[in-house]
Amino acid sequence: MLTRNMKSTPTTPEQRILAAIRAVPRGQVAGYGAIARRAGLPGRARLVARILGQNEDPGLPWHRILRSDGRIAFPPESAEFAEQCRRLRADGVEPRNGRVRMPEDEGTLDAALWAPR
DNA sequence: CTGATGACGGCGC
DNA sequence: TGCGCCGCCATCA
């Protein structure tokens, strides 16, 4: 049952990346590299950033994508930075100094659930 | 083809 | 935690 039927699923890297981004639920965040990984493109963090920059879909939760250390990727003075902060707060996430708490590890769900807050 | 650039990441101090 | 350096990738001049 190899679903890889050549001419039916042209799933481009961009498509998988966008899908991975859309998969990030409200109230949660993810790093560029993490998204790339989930999209099956390890090492393409910069590609994720590029896609986000090109993207025009207003429904895309772009604000949930941060750098691996939880920092917002835009310059603190930029309008984009402020906008992202706003959107995150709307999601219930509270950025401290342009930074949010990133999920410890994606593999250990236990840790995430048990992690002290 | 070479070098610069950028919504990045990981490591070391 | 904050910073700087260097590695990676895709574009573009």
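Below, all heavy atoms of this structure are taken into account, side chains as well, without hydrogens, waters or symmetry copies. Below, read A as the first sequence line, B as the second, and so on, with proteins coming before strands; counting in each chain starts at 1.
For A/Arg50, the listed nucleotide lying nearest its side chain is C/dC12; candidates were C/dC12, B/dA7, C/dT1. Distances from the side chain of A/Leu47 to the nucleotides B/dA7, C/dG2, C/dA10 place C/dA10 closest. Of all nucleotides listed (B/dG9, B/dA7, C/dA10), B/dG9 comes nearest to the side chain of A/Ala45.
Side chain of A/Gln28 to main chain of A/Pro103: no donor-acceptor pair is present (N/O by atom type, distance under 3.5 Å, no hydrogens or angles). Listed for the A/Arg99 side chain is no donor-acceptor partner under 3.5 Å among the backbone atoms of A/Arg71. Judged by distance alone, with hydrogens and angles left aside, the side-chain atoms of A/Gln84 form a donor-acceptor pair with the main-chain N or O of A/His63 at under 3.5 Å. Side-chain atoms of A/Arg64 do not come within 3.5 Å of backbone N or O of A/Ile21 as any donor-acceptor pair. The backbone N or O of A/Val93 lies less than 3.5 Å from no partner atom in the side chain of A/Asp91, so there is not a single donor-acceptor pair.
A straight line from CD1 of A/Ile65 to C1' of B/dG6 spans 17 Å, rounded to a whole angstrom. Counting to the nearest Å, the P atom of C/dT11 and the CZ atom of A/Arg44 are 11 Å from each other. As rounded to whole Å, 11 Å separates atom C1' of B/dG9 from atom CE of A/Met102. Computed from coordinates, the A/Ile35 CD1 to B/dA7 P distance equals 18 Å when rounded to whole Å. Rounded to whole Å, atom P of B/dG10 lies 14 Å from atom OH of A/Tyr32. In this structure, A/Leu41 places its CG atom 17 Å from P of B/dC8, rounding to the nearest Å. Residue A/Glu80 contributes atom CD, which lies 15 Å from atom C1' of B/dG6 at whole-angstrom precision. Per the geometry, CG belonging to A/Asp69 stands 17 Å off P belonging to B/dG12, to the nearest Å.
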Note to self: In dot-bracket form, 5' to 3', how is DNA chain C paired? Count Watson-Crick and G-U wobble pairs only if both distances fall under 3.5 Å, and write | where the partner sits on another strand.
What the structure shows: .||||||.|||||
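Checking each of A/Ile35, A/Ile51, A/Leu52 against A/Leu18 for a side-chain contact (heavy atoms from CB on, under 4.5 Å) leaves exactly one that passes, namely A/Ile51.
Contacts of A/Arg46 with the nucleic acid, taken as non-hydrogen atoms under 4.0 Å apart, include base atoms. Residue contacts for A/Gly33: at a heavy-atom cut-off of 4.0 Å it reaches the sugar-phosphate backbone alone, with no base atom in range. If you check every strand for non-hydrogen atoms under 4.0 Å, A/Arg99 touches sugar and phosphate atoms only.
Summarising the geometry, atom CZ belonging to A/Arg101 is positioned 5.0 Å from atom CD belonging to A/Glu104; distances are rounded to the nearest 0.5 Å.
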